[in-house]
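Predicted model only: the values in this text are computed from it and were never measured.
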Amino acid sequence: HNGVLQGSNDPALKGSVLWTKKNFRNFIIQLDFKFGDGIVDSGVFLRTINEQIQLGISGKYKRDMTCSPYIGSKADYPVEAKGVKELLKPNDWNTIKIKADGNLYIVWLNGKQVLDYESDTAVMNGPIGLQVHPNKPMEIEFRNIICAELP
């Protein structure tokens, strides 16, 4: 409501992913996010459920891994975004910008670049998804979501 997309788990903690209807090859997506209650474990899926940029607490590492790539086929974070701790506002709105150009992912948090990663398992065409992780009571809000295709 009021231009804010609210993601939260139901009592069964099923989780969900809101996918774009459209598939994207190369793109930039920018959005504002704000952590709500619970153990916030979310992310932006890049063309597949196996490649994501994390938002919030990693289930694997039990700490905030915002802006780091989680690669599902490896079940791990191959690199960690730099400088996020100093930039992230845990109780306020943050702006993330993600550029997916082929297998290159570049991420900015609140205007500063924090990640430059080449994925060797990237999918080159697919939808973009916003995640509410299952099995965790959690809430996250999104607003000002814009996406532009790149040539």
Side-chain angles (χ1 to χ4, degrees), residues 1-85 87-100 103-110 114-115 117-147:
H1 59 84
N2 295 331
V4 175
L5 180 64
Q6 295 177 306
S8 62
N9 251 323
D10 62 3
L13 304 179
K14 284 186 184 157
S16 61
V17 181
L18 181 62
W19 292 101
T20 59
K21 288 183 179 176
K22 181 179 171 138
N23 284 347
F24 293 87
R25 293 185 78 74
N26 300 323
F27 62 91
I28 295 178
I29 184 168
Q30 180 175 297
L31 56 86
D32 299 337
F33 67 92
K34 184 177 180 182
F35 297 150
D37 292 336
I39 301 165
V40 178
D41 186 342
S42 180
V44 180
F45 286 119
L46 306 177
R47 310 183 197 112
T48 169
I49 206 151
N50 279 328
E51 305 261 320
Q52 107 178 76
I53 301 299
Q54 174 75 15
L55 295 174
I57 305 296
S58 153
K60 181 169 187 165
Y61 292 114
K62 310 294 188 245
R63 63 183 174 90
D64 195 290
M65 292 289 284
T66 295
C67 296
S68 295
Y70 181 79
I71 307 300
S73 59
K74 297 179 181 1
D76 204 2
Y77 298 85
V79 296
E80 192 165 342
K82 305 278 186 249
V84 170
K85 198 170 200 162
L87 295 167
L88 184 67
K89 298 176 281 190
N91 301 309
D92 202 354
W93 287 101
N94 294 275
T95 302
I96 188 170
K97 180 167 76 170
I98 302 165
K99 180 179 182 181
N103 69 336
L104 178 64
Y105 304 148
I106 303 175
V107 180
W108 295 262
L109 179 63
N110 295 327
V114 293
L115 180 77
Y117 172 70
E118 282 189 56
S119 170
D120 59 6
T121 53
V123 171
M124 294 303 158
N125 192 25
I128 302 168
L130 299 177
Q131 178 194 37
V132 171
H133 202 289
N135 305 318
K136 296 172 188 195
M138 64 154 285
E139 297 174 350
I140 188 168
E141 294 181 319
F142 302 100
R143 70 179 185 191
N144 299 327
I145 304 168
I146 53 173
C147 186

Side-chain donor/acceptor of [X] to backbone N/O of [Y], under 3.5 Å:
X: N91; Y: K89; answer: no
X: N103; Y: D120; answer: no
X: Q30; Y: N144; answer: no
X: D64; Y: T66; answer: yes
X: S68; Y: A81; answer: yes
X: S42; Y: Q131; answer: yes

Aromatic plane relationship, W19 with F45 - under 30° parallel, 30 to 60° tilted, over 60° perpendicular: parallel
Which is it for V79 and Y105 under the side-chain contact (heavy atoms from CB on, under 4.5 Å) test, yes or no, and what are the steps along the way? CA-CA 12 Å; V79 296; Y105 304 148; over 6 Å; no
The test is side-chain contact (heavy atoms from CB on, under 4.5 Å); show your working for L130 and L31 and say whether it passes. CA-CA 11 Å; L130 299 177; L31 56 86; 3.8 Å; yes
Check the surroundings of atom NZ in K85: do more than 12 heavy atoms from other residues, nucleotides or ligands lie under 6.0 Å from it? no
Please tell me whether Y77 and Y70 form a close aromatic pair, meaning their ring centres lie under 6.0 Å apart. yes
Taking atom types as modelled and ignoring hydrogens, do the side chains of D41 and Q54 form a donor-acceptor contact shorter than 3.5 angstrom? yes
